[in-house]
Amino acid sequence: MCGRYTLHSSLEEIATEFAAKAPKAKIEKRYNAAPAQKLPIIIRQQQNYIKLFSWGLVPSWAKDPAIGSKMINARSETIAEKPSFRSAFRKRRCLVPVNGFYEWHKTSSGKRPVYITPTNGNLFAFAGLWEVCEQQQQPIHSFTIATTEPNNILKDIHNRMPVILTSNEARNLWLQQDAPIEDCLKLLHPCKDEEMQYHYVSRKVNATYNDSPDLIQPVVYDEQSEFF
DNA sequence: CCAGACGTTGTT
DNA sequence: GTCTGG
DNA sequence: CCAGACGTTGTT
DNA sequence: GTCTGG
């Protein structure tokens, strides 16, 4: 699964990486981006744009926006059929730029947060979907992140991971509105082992009010440390 | 026909 | 909006 | 994902 | 336990 990530690259760096037009609004460096927050994503409408949408997809028919808190991830195995996702999967795919993401490794001495980053130091692009819900006073623009089975790097840590599109070909196809659905489905697989690395980090990341660079610093866990 | 759901992960 | 269940 | 709330009436 | 909020 994927429920937290970082994005500390500047808007300019993101715009360059994805050949996208940046919004006027500024963005802060994020070391603990969480669901329900407005975060930058890449969508294509004539050209690529960076937009600030809420994490947690609110379907167009939703009467209660709280449903978005249950829609932070979309299983790639069923993404084309589920009522909440299928229309977005057909017409509203997006990329979610991240510098790294967190997973929680369940051990006998509690859950330990792990931070996963690209081996090449560039940005990861998660495969996502976006939606707009007009049922409310104000339209709600939101997104979700596709998940898949873990690769060999992560399989001992967690049983799901986000779909990461590493090649420009894959990213372009995913953003292309009229791309054949079968081709899009083929992109929904774990990325290669050699494309990611990880280390353990402090449990400070658990609380969303912590959001600082020290959250991604490596931490060594052993049995001793569990008593403090 | 109308009413009600529409999700994921992980744990049992 | 669209599908399933009753 | 984790943290924190989970309720009503009436009064300030 | 389960839902909401971040």
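A note on names: the letters A, B, ... follow the listed sequences, proteins ahead of strands, and every chain is numbered from 1.
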Charged N-O contact under 4.0 Å between A:Arg75 and A:Glu77: yes

Quantified in whole Å, what is the [atom1] atom distance between nucleotide [N] and nucleotide [M]?
N     : M     : atom1 : value
E:dT4 : B:dA5 : P     : 13 Å
D:dG7 : B:dC2 : P     : 34 Å
B:dT9 : D:dC1 : C1'   : 10 Å

Face-on cation placement of A:Lys51 at A:Phe53 ring, 6.0 Å and 45° thresholds: no

Nucleotide nearest A:Arg86 (side chain, heavy atoms from C-beta), chosen from B:dT8, C:dC3, B:dG7: C:dC3

Listed nucleotide nearest any side-chain atom of A:Thr78, set D:dC2, B:dT8, B:dG7: B:dT8

Watson-Crick or G-U wobble partner of B:dT8, both distances under 3.5 Å: none

Pairing partner of D:dC1 (Watson-Crick or G-U wobble, both distances under 3.5 Å): E:dG6

Which part of the nucleic acid does [X] contact within heavy-atom distance under 4.0 Å: base, sugar-phosphate only, or nothing?
X        : answer
A:Tyr5   : nothing
A:Trp104 : sugar-phosphate
A:Ile72  : base

Test item: A:Asn210 and A:Leu215 side chains (from C-beta on) under 4.5 Å apart, heavy atoms: yes

